[in-house]
Chemist: 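My questions all concern the structure below.
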Amino acid sequence: MNNFVRLLPTTIDFIVHRSFSITAPLYDLQKVSRVHVVDNSKLALDGNVYKRMPRIIHCYKRNDNLTRTRLTAGLGDKVLLAIKGQMKKAIIVGCKQRVRKPNVPQFDSNNVVLIDDDGNPVGTRILAPIPAFFRTRGDLAKIAAIATAFV
Amino acid sequence: MKLEICNYSGYKIYPGHGKRVVKIDGKVHIYLNSKCQRSADMRRNPRRVTWTVLYRRKHKKGAAEQEIKKRTRRTVKFQRAITGATWNEILAKRNQQPEFRKAQRQDAINAAKQAKKVKAQQKKVTQPTAVKAGKPVKKPEKIQKTVPKTGPKKGTQR
């Protein structure tokens, strides 16, 4: 789809003297973004199989540049999910968006770990690799504690 | 600084280069650049892509020099003494002629036989009534018979 769209400006350029810019896919995590829960908690296992994929309905990130509707979340940010008809807080543990920082990997799926209001993870194990900087950040230490593999 | 190796091309990745991607199954791939990443995404097998290390290894390109290097390595036999014998003693033993050994063996046999003879005579003196199975031994008191007192025959006692 993207390749086709990229061809458009060149082919119709001589017809219509106007080109429009096309950005690469952004992969930002924001409201309505579908997400994959990587816990071993019951809600996570049910939620991944439910008729609707778990979605982000709110990002708790302080971002003064963006408007409220355009709040985006990245690795390590807290979000509110809608899973199986319930609302549950979660932390983003893997991001498809490429982060241009050293030693931060890019994931092939947007992974998320469920937490309760105190910040304690709901499950007992995390089934996917987790970025290594989770170990050094104090607020993410509880998630790093139940992780099985680091990247 | 740890030097990574590109999963696709096999090249070294210096710090500041490369990209790390975590697949859905949890496997981590490290790519040197977007050329490698895109080839991998296109599912091109690195063993068929000419410029990768995997291809060169499979088709044995440029491996001739390595083979020559391997051939010159050989184990060196080292002769040395042991705590029981010096090197000269070991050499002397090794270089003995077979005739010499045979003569030694014969001497040893003779010496052993002599020793046995002596032992048997001693036994005869201390136990005159002892009777060997099947061989009547004359008692020294009954010297009425003029039977020569023969010693034990050579070869009977083993």
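Chain letters run A, B, ... following the sequence lines, proteins first, then strands; residues in each count from 1.
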Chemist: Report, in residue-number order, which members of residues 75-100 of chain A are under 4.5 Å from chain B by heavy-atom distance.
Modeler: A:Arg98
Chemist: Are B:Ile30 and B:Tyr8 co-members of a hydrophobic cluster defined by side-chain heavy atoms under 4.5 Å apart?
Modeler: yes
Chemist: Let me check something: do A:Tyr50 and A:Val112 share a hydrophobic cluster, defined by ILVMFWY side-chain heavy atoms less than 4.5 Å apart, either directly or through other members?
Modeler: no
Chemist: Please check if A:Val151 and A:Val38 belong to a single hydrophobic cluster, counting links between Ile, Leu, Val, Met, Phe, Trp and Tyr side chain heavy atoms closer than 4.5 Å.
Modeler: no
Chemist: In the single-linkage hydrophobic clustering (I, L, V, M, F, W, Y; side-chain heavy atoms under 4.5 Å), do B:Val53 and B:Trp51 co-cluster?
Modeler: yes
Chemist: So what's closer than 4.5 Å to chain A heavy atoms on B:Gln37: side chain, backbone, both or neither?
Modeler: side chain
Chemist: Does B:Lys23, at its NZ atom, have more than 12 non-hydrogen atoms belonging to other residues, nucleotides or ligands within less than 6.0 Å?
Modeler: yes
Chemist: Is it the backbone or the side chain of B:Val28 that comes under 4.5 Å from a heavy atom of chain A, or both, or neither?
Modeler: side chain
Chemist: Heavy atom to heavy atom, less than 4.5 Å: which residues from residues 115-148 of chain A reach chain B?
Modeler: A:Pro129
Chemist: Is atom OH of B:Tyr14 surrounded by more than 12 heavy atoms (other residues, nucleotides or ligands) closer than 6.0 Å?
Modeler: no
Chemist: Around atom CZ of B:Arg101, are there more than 12 heavy atoms of other residues, nucleotides or ligands at under 6.0 Å?
Modeler: yes
Chemist: Among the clusters formed by ILVMFWY side chains lying less than 4.5 Å apart, do B:Leu54 and B:Leu32 turn up in the same one?
Modeler: no
